[in-house]
Amino acid sequence: MKKFPKEEYSVPFFKDEDYVRKLCPKCGEYFWTQNPDQKTCGEATPEGCAPYTFINNPPTRKSYSLREMRETFLSFFEKREHIRIKPYPVVARWRGDIYLTHASIIDFQPYVTEGIAPPPANPLVIVQPCIRLVDIANTGPTFGRHLTVFEMGGHHAFNYPDKEVYWKDQTVRYHHEFITKELGVKSEEVVYKEDVWVGGGNAGPDLESIVRGLEVDTLVFMQFKVVNNEFVKLPIRTVDTGYGIDRYAWLSQGVPSCFHAVYSSLLDKIVEMAGIDEIDNDLLMKVAEVSGLVSLDKTASRLEARRKIAEIVGMKMDELDGFLLPIENVFAVADHTKCLSFILSEGVVPSNIQEGYLARLLFRRVYRLLRILGITDKLYDVMDMQIDFWSKDYSHLKEMRNEIMEILSVEEKKFEETIKRGGGLVKRIAEELKTKNILEIPVKTLTELYDSHGLPPEIVRQFAEEEGLEAEIPENFYALIAERHMQTTGKVEDARPEESLEKAVSNLLETEQLYCQDQYMREFEAKVLKVIDSEYVVLDKTCFYPESGGQPADTGNLVLDGNKVEVVDVQKVGRVIVHKVDGTVPKEDSRVKGMIDWERRYSLMKNHTATHIVNGAARRVLGQHVWQFGTQKGANRSRLDISHYRRLTLKEVHKIETLANQAVLQNIAVETSWMSRNEAEKLYGFRLYQGGAVPGKEIRVVKTGDWDVEACAGTHLKNTGEIGFIKIIHSERVQDGVERLVYSVGIPALKAVQENEEKLWRLSEILSAPLEKLDKTAEKVVAELKEANAEKRKLIKEIAEWESLVLGGRREGEEIEEVEGIKVVMRDFKEVIDVDRMVQTANQMIKRDEAIVTVFYGTDGKNARIMVMAGKTAIEKGANAGEIIREASVIIGGGGGGKVNFAQGGGTQIEKLLEAVEKAEEVLKKQLRH
RNA sequence: GGGCCGGUGGUUCAGUCUGGUAUGAAUGCCUGACUUGCACUCAGGAGGUCGGGGGUUCAAAUCCCCCCCGGUCCA
């Protein structure tokens with residue numbers, strides 16, 4: 001990564017306060033300090049620049065709980081003209097590029113940082129719960145330097161070209177004042193380390209502040225946009241600070257780990273549940289002091305770091321491991337269950353895609369940890385405690401308690417199921433390996449079991465050990481998994497035609513959207529601004545709706561001097577609407593009349609409003625975790641994908657349908673309005689973003705009474721009553737955790753009902769049963785069919801047995817000859833070339849007398865078939881069915897094969913069948929006489 | 001969005017690579033015998049559209065294509 005020059009960091013504050021800039025000999029980074037004798041940067045890095053010196057020795061005036069620290073931070077900046085902003089959700093629904101809020105600045109990207117929308121306040125201060133799953137492997141072993149869920153304090157200032165709020169110097173001064181005056185840390189103990197920050201598509205220089213070994217915050221001066229790996233200056237310079245509120249609490253308490261500081265009594269309870277006896281606190285603190293050495297993604301692997309630490313504290317590695325592992329696991333449980341409660345409380349349904357996968361990943365990790373600790377039964381207790389604990393600050397958690405518990409139990413069952421399946425799988429694999437005398441599960445099998453079957457290696461090892469096999473889990477196991485996924489080559493995306501369009505319309509003004517002003521407008525007049533490739537027409541205004549938000553584009557006509565051109569597609573390219581036409585294109589600057597296919601559009605409007613209603617109904621029936629996952633509207637039928645943790649029952653579907661139709665009957669007014677992003681979010685919350693992230697400064701809000709509110713650009717009805725009738729046609733599972741509802745609206749809905757009825761009537765006709773007895777009759781018919789099937793097989797067997805009895809009788813087409821004491825039975829089955837019949841018959845004969853060879857043949861007029869079966873005695877005499885068939889079937893122009901005792905073959909040259917049979921006889925006799 | 005694994009008696013699976021009898025295995029079920037203290041034992045029996053459709057072939061559970069369903073990992 002490129003570095004910024006010294007000037008970017010040397011703020012006047014450093015000069016005023018006699019700071020010196022130095023280069024750390026261990027990690028190679030520059031840092032600023034007031035202490036001229038300071039050698040290293042003083043951060044507890046994996047490179048070992050310094051240990052933590054705040055453990056049992058906090059540098060602050062007093063000890064703060066997390067809540068106290070949060071409040072201290074917020075009010076400090078509030079007193080200095082910052083407006084306090086409420087935290088955003090941890091699931092970043094307003095963004096299309098990421099799933100989770102992992103920093104406070106995420107709340108203001110990209111609209112505020114790119115100048116599209118104003119910030120809710122400027123400057124502002126916020127404490128934002130953040131989730132970072134990339135640090136999941138480090139959470140625990142680093143004693144809380146890494147957490148999957150933490151609170152980030154940020155004081156942010158957005159500097160516009162014409163309005164400067166504050167920039168680097170003031171930021172550092174605020175920070176320094178907070179840490180020294182407010183918290184009481186000695187000024188010379190605060191080190192500022194230079195770094196380059198890149199994230200969320202933005203970049204800038206940053207200063208990290210270090211106190212007694214711990215990096216407590218990062219002050220980022222965001223001023224670039226990253227385009228093709230190049231830094232491009234942004235018009236807006238953003239002060240993006242990230243104060244680790246959890247780390248600050250840890251620093252102030254001087255306890256062994258950040259988990260002690262954040263969870264206090266909750267952590268004790270988990271320790272107690274896990275039955276961990278008295279923890280040697282002195283040892284724990286000794287280890288904590290050097291825990292900065294641990295970092296799983298950097299050069300030092302877990303084992304290496306462990307060895308170093310064991311050496312420092314003067315212990316054997318196994319001993320240290322035995323001491324630390326359960327504690328680390330408890331740390332991770334405390335962290336992950338909090339994280340899980342936050343994610344689930346915002347309605348994320350665990351699944352195998354997108355943010356749902358992250359929830360599942362987290363759940364399974366927690367569950368595995370609990371398994372190792374032997375307390376899976378305590379899952380609900382721990383989660384309950386977390387919900388109670390954090391509801392004091394984040395009240396939405398307790399409102400979702402029941403749904404969270406329900407989702408947990410579904411997930412638990414699923415995981416138990418996976419493990420159970422895995423147990424059987426490992427057992428079978430183990431048995432196979434044992435027959436090959438392999439007593440260790442190969443690494444390849446381990447990775448395969450994890451990747452394809454979701455079986456974590458330590459669980460495989462456990463199962464394998466039960467089978468008396470060993471399993472060595474390589475240190476880089478998860479890297480191997482990553483490798484497996486690297487091997488696949490990604491498809492190259494096709495060049496989109498819009499790209500050339502984008503260029504062509506780039507200098508045009510925004511098209512006036514008439515369909516937004518009056519959603520019922522059918523005709524309009526407009527000026528032709530541009531014609532591209534004599535196929536695309538751009539007008540100054542239009543009421544043709546471009547495809548977006550799952551609503552297809554309008555179709556219709558453009559008329560000029562009585563000449564009609566058909567509009568086949570409409571797309572929005574940036575801010576310009578482009579009509580794709582089929583026919584003679586109007587000239588530029590001419591005036592045209594536009595007419596949309598109103599019947600189609602009106603159906604689409606009905607379907608679109610109905611989608612909002614069904615979504616609201618589903619949420620009411622299934623719970624607050626229901627979010628729109630995707631949607632496609634059509635004139636005849638539409639579909640809505642929603643997140644839900646189990647398969648919908650017909651009852652639930654009917655409930656949703658009934659509720660939706662009630663909303664239709666209530667004739668609810670549908671209001672659309674444009675409002676600023678901040679105002680809309682404040683009024684309606686983030687539920688607005690059902691259809692995903694919505695761009696722009698102003699957003700369009702579609703409000704269906706109290707039923708549903710969404711940010712949506714689509715065309716809607718004035719009243720729900722216009723829908724008439726909604727019929728959910730069927731539901732299917734698109735993905736784990738995603739259910740699809742397919743429905744029709746109005747007359748097509750009626751048609752759907754009628755179609756079903758037609759099918760029922762037809763069925764009733766076929767079965768000649770009255771409608772109300774259809775189910776019973778169908779059951780009976782299927783049962784009878786099964787019975788008949790069984791009967792047929794029984795009969796084939798019986799016939800075979802009977803036919804074998806009359807061996808040597810006067811059956812037509814049968815010849816029996818005795819060769820060398822072996823009976824050769826030749827039989828023409830005529831048109832019955834059913835293998836089953838021949839096989840059964842032959843089986844029966846040979847069962848009775850092993851000194852038999854059967855040569856059965858027949859033809860149905862298209863194919864000829866020969867089958868040979870030999871009894872044991874015959875085989876001993878030299879009979880070989882496979883050989884006979886191979887020679888004979890060539891004659892009839894086909895092929896065949898089999899084993900010594902049984903073979904079959906055939907061909908299409910049926911006229912040569914007898915010749916082939918003679919050949920078979922000849923070969924057989926030769927074999928027997930040899 | 002992408003990758004991987006799977007769908008065969010009621011259940012759990014073998015067989016698929018290398019096409020050729022589902023004489024399939026275990027368990028559960030039914031009948032009988034033997035037992036009557038804890039997966040009883042023994043004998044016999046019933047139970048299959050091999051997920052669906054198309055193709056290749058004399059022949060497909062097996063090979064090829066499409067679809068459906070389940071599981072799982074990753075972004």
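Order of the sequence lines fixes the chain letters, A, B, ..., with proteins taken first and strands second; residue numbering starts at 1 for each chain.
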Go through the steps for A:L928 and A:V824 under the test side chain to side chain contact (heavy atoms under 4.5 Å, CB included), then give the verdict.
CA-CA 10 Å; A:L928 291 173; A:V824 178; 4.3 Å; yes
Please determine whether side chain to side chain contact (heavy atoms under 4.5 Å, CB included) holds for the pair A:E411 and A:Y367, giving the CA-CA distance in whole Å, both sets of side-chain angles, and the decisive distance to 0.1 Å.
CA-CA 10 Å; A:E411 272 308 286; A:Y367 205 74; over 6 Å; no
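Residue contacts for A:I866: at a heavy-atom cut-off of 4.0 Å it reaches no nucleic acid atom on any strand shown. Counting non-hydrogen atoms under 4.0 angstrom, A:R364 reaches the backbone sugars and phosphates but no base.
No more than 12 heavy-atom neighbours from other residues, nucleotides or ligands sit within 6.0 angstrom of CD on A:E472.
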Polar atom pairs (N or O), protein with nucleotides 16-21 of chain B, under 3.5 Å:
{"residue": "B:G20", "atom": "O6", "partner": "A:G896", "partner atom": "N", "Å": "3.2"}
{"residue": "B:G20", "atom": "O6", "partner": "A:G896", "partner atom": "O", "Å": "3.4"}
{"residue": "B:G20", "atom": "O6", "partner": "A:G897", "partner atom": "N", "Å": "3.4"}
{"residue": "B:U21", "atom": "O2", "partner": "A:N843", "partner atom": "ND2", "Å": "3.1"}
{"residue": "B:U21", "atom": "O4", "partner": "A:N901", "partner atom": "ND2", "Å": "2.7"}

Interface polar pairs with nucleotides 66-70 of chain B, N/O, under 3.5 angstrom:
{"residue": "B:G70", "atom": "OP1", "partner": "A:R647", "partner atom": "NH1", "Å": "3.2"}
{"residue": "B:G70", "atom": "OP1", "partner": "A:R733", "partner atom": "NE", "Å": "3.2"}

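Here B:A14 is the nucleotide among B:A14, B:G71, B:G3 with the atom lying nearest to any side-chain atom of A:R428.
Rounded to whole angstrom, the span from the NE2 atom of A:H453 across to the P atom of B:C4 amounts to 13 Å. In this structure, the CG atom of A:L446 is 15 Å from the C1' atom of B:C73, given to the nearest Å. Per the geometry, CD1 belonging to A:I892 stands 11 Å off P belonging to B:A59, to the nearest Å.
With C1' as the reference atom, B:G47 and B:A25 are 15 Å apart, rounded to whole Å. Nucleotides B:G51 and B:C13, compared at atom P, are 14 Å apart to the nearest Å. Rounded to the nearest Å, the gap between the C1' atom of B:G15 and that of B:G32 is 33 Å.
Between A:T908 and A:G454, the residue anchored closer to the 5' end of RNA chain B is A:T908, taking for each the nucleotide with the nearest heavy atom.
Among residues at least two apart or in separate chains, there is no ring-ring contact (aromatic ring centres under 6.0 Å, His included) pair with a member in residues 892-914 of chain A.
Under the side chain to side chain contact (heavy atoms under 4.5 Å, CB included) criterion, A:T445 pairs with A:I429, A:I441, A:P442, A:L449, not counting sequence neighbours. Qualifying side-chain hydrogen bond (donor to acceptor under 3.5 Å, both in side chains) partners for A:E652, counting only residues two or more places apart in sequence or in other chains: A:T649. Applying the side-chain hydrogen bond (donor to acceptor under 3.5 Å, both in side chains) criterion to A:R740, with sequence neighbours excluded, gives A:D641.
Side-chain contact between A:R646 and A:H644 is present, with at least one heavy-atom pair separated by less than 4.5 Å. Between A:W197 and A:N202, the closest side-chain pair of non-hydrogen atoms falls below 4.5 Å.
For A:S452, no side-chain nitrogen or oxygen approaches OP1 or OP2 of B:G6 to under 4.0 Å.
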